[in-house]
Amino acid sequence: MGDMASPPTGIDLLKTELPVDQEAFVLNGDVKTGLVMVDLVNGFCTVGAGNLAPMQPDKQISGMIEESVRLARAFCDKKWPVFAFLDTHHRDVPEPPYPPHCIAGTDEANLVPELQWLENEANATLRRKDCIDGFIGCVEKDGSNMFVDWVVNNQIQAILVVGICTDICVLDFICSALSARNRGLLSPLQDVVVYSHGCATFDLPARVARAAKDVIAHPQELMHHIGLYIAKGRGAKVVSEVTFS
């Protein structure tokens, strides 16, 4: 008898039942595109950097950083607009259900070493946010919105989104941006594009969650896929490759 095929895994079944069709995205300069980078800070990306940082090297997160740096370099070389969110919290203001993280004034709230050069780029706009959704985090006391202004002032027609976590901060921002676009608040923005290999999320297997108190499981590959699936369902374009021509 020949070898029997291995039974499908949970993630295989999920991808079959909830497929996310992905395409290639080619940037040729014809459509004014801005790069949006979500929370590429030490507190989420650097091993051992804080309560929500990876505890050991993580392939998905490392790949996300590598692709984000590649895109940021290309955009800056072309003087195209870049908008970077940096998760930053006051020490005495909690963000339930999460433990303290990315505290202002600590290295947790700073860009990963591979992207610190971005602070000196004239075409890059950096925004520290104190909430999950970066769009909400851009609301000023006078009611204006820094992200909306960035889109309008640069006449951006498409945004390319990368960052962490796919199913949390990235997804919340994408959903808000799509709603704002649909209401005509982000003219001339048309497309919200999320790059799957430029995004990542954290890994908390069920066996680990069961041993902890008041913690829910968060399997990495599964939640990354779900984040992309929901984003596509909301109207974002999900791409698996980004090139320049």
Side-chain angles (χ1 to χ4, degrees), residues 6-20 22 37-68 85-91 93-104 106-115 129-134 161-175 194-233 238 240:
S6 301
T9 63
I11 186 66
D12 291 333
L13 291 172
L14 181 80
K15 289 181 176 180
T16 299
E17 296 299 320
L18 304 177
V20 178
Q22 303 184 40
M37 313 180 76
V38 180
D39 293 342
L40 278 102
V41 295
N42 291 308
F44 293 150
C45 302
T46 301
V47 175
N51 289 325
L52 297 184
M55 298 178 63
Q56 57 191 19
D58 186 286
K59 183 178 179 180
Q60 189 182 91
I61 294 175
S62 297
M64 175 271 296
I65 294 173
E66 182 178 337
E67 284 300 289
S68 297
F85 290 109
L86 287 74
D87 201 61
T88 306
H89 298 274
H90 296 291
R91 193 175 300 274
V93 180
E95 187 185 38
Y98 304 104
H101 61 280
C102 300
I103 303 300
T106 72
D107 204 38
E108 282 188 56
N110 292 333
L111 288 167
V112 295
E114 298 92 329
L115 279 170
K129 66 179 181 68
D130 59 358
C131 62
I132 296 171
D133 187 338
V161 185
V162 297
I164 191 169
C165 290
T166 317
D167 55 312
I168 306 174
C169 294
V170 173
L171 178 62
D172 280 18
F173 165 75
I174 287 171
C175 291
V194 56
Y195 176 33
S196 59
H197 298 301
C199 294
T201 193
F202 67 94
D203 190 32
L204 184 63
R207 56 180 173 75
V208 177
R210 281 193 293 266
K213 183 180 179 182
D214 298 327
V215 174
I216 62 174
H218 191 278
Q220 184 182 55
E221 187 178 358
L222 185 67
M223 298 308 297
H224 176 68
H225 180 82
I226 288 175
L228 296 173
Y229 178 82
I230 295 175
K232 189 174 182 68
V238 179
S240 58

Gap between atom [atom2] of [Y] and atom [atom1] of [X] - 0.5 Å precision:
| X | Y | atom1 | atom2 | result |
| --- | --- | --- | --- | --- |
| Leu115 | Ile65 | CG | CD1 | 8.0 Å |
| Ile174 | Lys232 | CD1 | NZ | 12.0 Å |
| Ile61 | Gln56 | CD1 | CD | 10.5 Å |
| Gln22 | Ser196 | CD | OG | 3.5 Å |
| Leu86 | Asn42 | CG | CG | 10.0 Å |
| Phe44 | Cys102 | CZ | SG | 4.0 Å |

Evaluate the criterion side-chain contact (heavy atoms from CB on, under 4.5 Å) for residue pair Met37 and Phe85; output intermediate values, then yes/no. CA-CA 6 Å; Met37 313 180 76; Phe85 290 109; over 6 Å; no
Do the side chain of [X] and the main chain of [Y] share a donor and acceptor less than 3.5 angstrom apart?
| X | Y | result |
| --- | --- | --- |
| Thr166 | Gly227 | no |
| His101 | Pro99 | yes |
| Asp203 | Gln220 | yes |
| Asp39 | Asp87 | yes |

Could you check whether any side-chain heavy atom of [X] comes within less than 4.5 Å of a side-chain heavy atom of [Y], counting everything from C-beta outward?
| X | Y | result |
| --- | --- | --- |
| Met64 | Cys45 | yes |
| Val93 | Asp130 | no |
| Phe173 | Val161 | yes |
| Val38 | Cys199 | no |
| Val215 | Leu204 | yes |
| Ile132 | Tyr98 | yes |
| Ile164 | Phe202 | no |
| His89 | Pro100 | no |

Residues [X] and [Y]: side-chain donor-acceptor under 3.5 angstrom:
| X | Y | result |
| --- | --- | --- |
| Gln60 | Thr201 | no |
| Glu66 | His197 | no |
| His225 | Asp167 | no |

How far apart are the closest heavy atoms of [X] and [Y], and which atoms are they?
| X | Y | value |
| --- | --- | --- |
| Gly198 | Ser68 | O-OG, 3.7 Å |
| Lys129 | Cys131 | NZ-O, 2.9 Å |
| Leu40 | Gly163 | CD1-CA, 3.9 Å |

Would one find more than 12 heavy atoms of other residues, nucleotides or ligands at under 6.0 Å from atom CD of Glu221?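 Incorrect, the count does not exceed 12.
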Run the side-chain contact (heavy atoms from CB on, under 4.5 Å) check on Leu228 and Val194 step by step: do they pass? CA-CA 8 Å; Leu228 296 173; Val194 56; 4.2 Å; yes
Who passes side-chain contact (heavy atoms from CB on, under 4.5 Å) against Leu13, sequence neighbours left out?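 Pro8.
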